[in-house]
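Contents: one structure, followed by commentary.
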Amino acid sequence: MKKSTSMKAYITTAMTIGMVILIIINAVKTYYSHQITLEKNTLELKETLSKDLDNFLKDEAKELKMEAELILNDRVIVERFANGDRSGLAELTLPIYEQKLRDEFGIGQFGFHTPPATVFYRAHMPNKWGDDVSSFRHTVVETNRDKKITAGLEVGKSGLGMRLVHPINYKGQHIGSMEFGTSFEDILDKIATRNNVDYTIGVYTRGFDKTGHKANA
């Protein structure tokens, strides 16, 4: 009788232990399955966001290029820049910036540079000019060096943004460059809305050291 009772207790204990083991195994499998699914979904989302960002930047560059060429087709604007007529250039470009480019097209930066990268005029900061930005505005340096359009993300005095720098020619001579800049956050807002995600931007503070722009802590 005692032997039968012991056997039943043993069987019950073994079954209990077995059930616990099965529960643990199932929980571990479920956990790892969830982790694998989560990792897969994360990688897919990362790839989607990366493609969206790349496409948005390419589309933005195309739009900025078209808008820049419209401005540079005005030979009077180019002539005033070539002649060093800052007030005359401001007279023509400031209304375009304030009434069209800034409000309708979201262009936050609109300016002209003499080679290699000295600011001649900024429509968005008309009273600040003459500063050499060659130490951090590599798109400007590259455009004036290679005499070709340069576009990409870059930190400037106005912060991180999408920049397009277009070479300017006058009577067959390269005389400088014109820049359009838009907010990087505006691009990210569109991507975040499309994919129903939130985002945070992180930029090393040393990226702002040479610009004079104060990065948010």
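With sequence neighbours left out, Phe110 forms a ring pair (Phe, Tyr, Trp, His ring centres under 6.0 Å) with Phe112, Phe180. For Thr139, the side-chain hydrogen bond (donor to acceptor under 3.5 Å, both in side chains) test picks out Arg137, Glu154, with sequence neighbours left out. Checked against side-chain hydrogen bond (donor to acceptor under 3.5 Å, both in side chains), Asp59 has no partners two or more places apart in sequence or in another chain. A search for side-chain hydrogen bond (donor to acceptor under 3.5 Å, both in side chains) contacts involving Glu67 returns nothing, not counting sequence neighbours. Legend: residues meeting side-chain hydrogen bond (donor to acceptor under 3.5 Å, both in side chains) with Asp85, ordered by chain and number and at least two apart, are Ser87. In this structure Glu91 satisfies the salt bridge (Lys or Arg N to Asp or Glu O under 4.0 Å) test together with Arg80, sequence neighbours excluded. By the salt bridge (Lys or Arg N to Asp or Glu O under 4.0 Å) test, Lys147 pairs with no residue at all, sequence neighbours left out. Residues that satisfy the side chain to side chain contact (heavy atoms under 4.5 Å, CB included) test with Glu98, not counting sequence neighbours, are Leu94, Arg102. With sequence neighbours excluded, no residue satisfies ring pair (Phe, Tyr, Trp, His ring centres under 6.0 Å) with Tyr97.
Within the cation-pi definition used here (under 6.0 Å to the ring centroid, within 45° of the axis), Arg122 does not qualify as a partner of Trp129.
Looking at Ile77 and Leu89, their side chains come closer than 4.5 Å, going by heavy atoms from C-beta outward. Side-chain contact between Arg163 and Leu153 is absent, with no heavy atoms from C-beta onward closer than 4.5 Å. Side-chain contact between Asp131 and Thr118 is absent, with no heavy-atom pair separated by less than 4.5 Å.
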- Message: Walk me through whether Thr143 and Thr150 qualify under side chain to side chain donor-acceptor pair (under 3.5 Å).
- Response: CA-CA 6 Å; Thr143 294; Thr150 307; 2.9 Å; yes

- Item | Candidate pair Thr93 and Tyr121, rule side-chain contact (heavy atoms from CB on, under 4.5 Å), full reasoning | CA-CA 10 Å; Thr93 58; Tyr121 173 71; 3.3 Å; yes

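Pairs engaging residues 104-113 under the salt bridge (charged side-chain N to carboxylate O under 4.0 Å, His left out) rule: Lys100-Glu104 [sequence neighbours left out].
Residues Ala151 and Ala61 approach most closely at CB-CB, 4.2 Å, considering heavy atoms. Residues Pro115 and Gly176 come closest through the heavy atom pair CD-CA, 3.8 Å.
A donor-acceptor contact shorter than 3.5 Å links the side chain of Asp132 to the backbone of Ser134. In this structure, Asn73 contributes its side chain and Glu69 its backbone to a donor-acceptor pair below 3.5 Å.
Once rounded to the nearest 0.5 Å, the distance linking CE of Met66 with NZ of Lys62 reads 9.0 Å. From Ile175, atom CD1 reaches atom OG1 of Thr114 across 10.0 Å, with rounding to the nearest 0.5 Å. Note that OG of Ser177 and CZ of Phe81 are 6.5 Å apart. Values are rounded to the nearest 0.5 Å.
Members clustered with Val141: none, using a 4.5 Å side-chain heavy-atom cutoff among hydrophobic residues.
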Validation: residues 164-174 side-chain donor-acceptor distances under 3.5 Å, sequence neighbours left out:
| from | atom 1 | to | atom 2 | distance (Å) |
| --- | --- | --- | --- | --- |
| Tyr170 | OH | Glu79 | OE2 | 3.3 |
| His174 | NE2 | Asn144 | OD1 | 2.9 |

